[in-house]
Each structure stands twice: as structure tokens, then as C-alpha cells.
Amino acid sequence: GIDFSASESGSPNTNINSLLDDYEEGDWDPLDGSGGSTLTHNHARYTKIGNFVHVDFDITNSSGSALSNIYGLPFAPTNYATFRLAWVSGAGGGAQNSETNVQGGMISTSVNTIGLRLTGANATVTMADTVRIIGSGTYRTA
């Protein structure tokens, strides 16, 4: 790794790690939960800096059924985290009805997923077939 200790500010904080031990970026394949098939995506990218992972995606539910979790994160999360959806659309023909108020969700450590949730609640949301979802999230990995 690269050692940045020479650039430390001299702060009294003794819990400083100045070693950059990993950096990578690439594509990942979001999967549905029913059969593990890859969802249609315009892009699904990640950047990993140390144990910090940022994902962003533009996917369409092409699984043939409703979707409440996006599986296959590029690295397993070690802590729960949240993500935000920028846009949800039924432009491909999917009827979303009252569920269009989903704006975020939870990245889960137990099953390595992004779980879709209602805004301001922990209620699971299902995204209809052919619905397009654009979002991003940040989490920590081992």
C-alpha cells in the first residue's frame, strides 16, 4: 500500500491509519433474488478505496417478476448502510402505482443485498417487472 503518514496533521487523534491498502473500480452485475439472473443495466459501477465502497446503478427489472432486493453487491458489507434512488420509472410498461414513493433503502450485511424500502419507513417495497431504477449507495467492507 501507499503510506501517507508523512502528511498527517499532528492531531492528537491516535486512531489514525495512513496506509492506502486498496483501490479499484469496475462493473458489477446486479442480480434478482428469484433465480439469480442478471438484471438489465445501462451501468452498474463501483469504486473501492480501502474498505469504503461506493456503488451506482441504472437498472431495469427484467426478471419477469416483482423485485424487492438487488443482490450481488461487488463486496460483502460489514455494516448496515443506506442508499438513495434518484429515479424510478415504469416507462418500460411496468405499473408501479403507489410504490413510486420509494426513495431509498438499506444495504444489508446478512444477505449482501440492497433492500428497497419506503421513504421514512422500514417497509419493504416491490418494484414491478420492467421498472427502471437509478440509484447509488456507499458502505464499508472488510
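Numbers here simply count residues along the sequence, with the first being 1. These numbers come from the heavy atoms of this one structure, side chains and all, not from hydrogens, waters or symmetry mates.
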- Query: Is the side chain of His54 donor-acceptor paired with the backbone N or O of Lys48 at a distance under 3.5 Å, no angle test?
  - Reply: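 Side chain of His54 to backbone of Lys48, a donor-acceptor pair under 3.5 Å: no, none is there.
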- Keeping the roles fixed (side chain from Thr113, backbone from Tyr71), state whether a donor-acceptor pair exists under 3.5 Å.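 Side chain of Thr113 to backbone of Tyr71, a donor-acceptor pair under 3.5 Å: no, none is there.
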For the atom pair [atom1] ([X]) and [atom2] ([Y]), what is the distance rounded to the nearest 0.5 Å?
{"X": "Asp58", "Y": "Ile134", "atom1": "CG", "atom2": "CD1", "value": "4.0 Å"}
{"X": "Ile59", "Y": "Asp29", "atom1": "CD1", "atom2": "CG", "value": "11.0 Å"}
{"X": "Ile133", "Y": "Asn61", "atom1": "CD1", "atom2": "CG", "value": "6.5 Å"}
{"X": "Tyr139", "Y": "Tyr46", "atom1": "OH", "atom2": "OH", "value": "9.5 Å"}
{"X": "Asp22", "Y": "Ile49", "atom1": "CG", "atom2": "CD1", "value": "9.5 Å"}
{"X": "Met127", "Y": "Ile70", "atom1": "CE", "atom2": "CD1", "value": "8.5 Å"}

Looking only at non-hydrogen atoms, find the nearest pair between [X] and [Y] and report the distance.
{"X": "Ile114", "Y": "Phe57", "value": "CD1-CE2, 3.9 Å"}
{"X": "Ser63", "Y": "Asp129", "value": "N-OD1, 3.6 Å"}
{"X": "Trp28", "Y": "Asp56", "value": "NE1-O, 3.9 Å"}
{"X": "Asn112", "Y": "Pro77", "value": "OD1-CD, 3.0 Å"}

- Query: Does the pair Thr78 and Asn51 meet the rule for a side chain to side chain contact (heavy atoms under 4.5 Å, CB included), with working shown?
  - Reply: CA-CA 9 Å; Thr78 57; Asn51 67 357; over 6 Å; no
- Message: Any heavy-atom pair between the side chains of Leu39 and Leu67 that's under 4.5 Å?
- Response: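 Yes. Closest side-chain heavy atoms under 4.5 Å.
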- Go through the steps for Tyr23 and Thr47 under the test side chain to side chain contact (heavy atoms under 4.5 Å, CB included), then give the verdict. CA-CA 8 Å; Tyr23 176 88; Thr47 302; 3.9 Å; yes
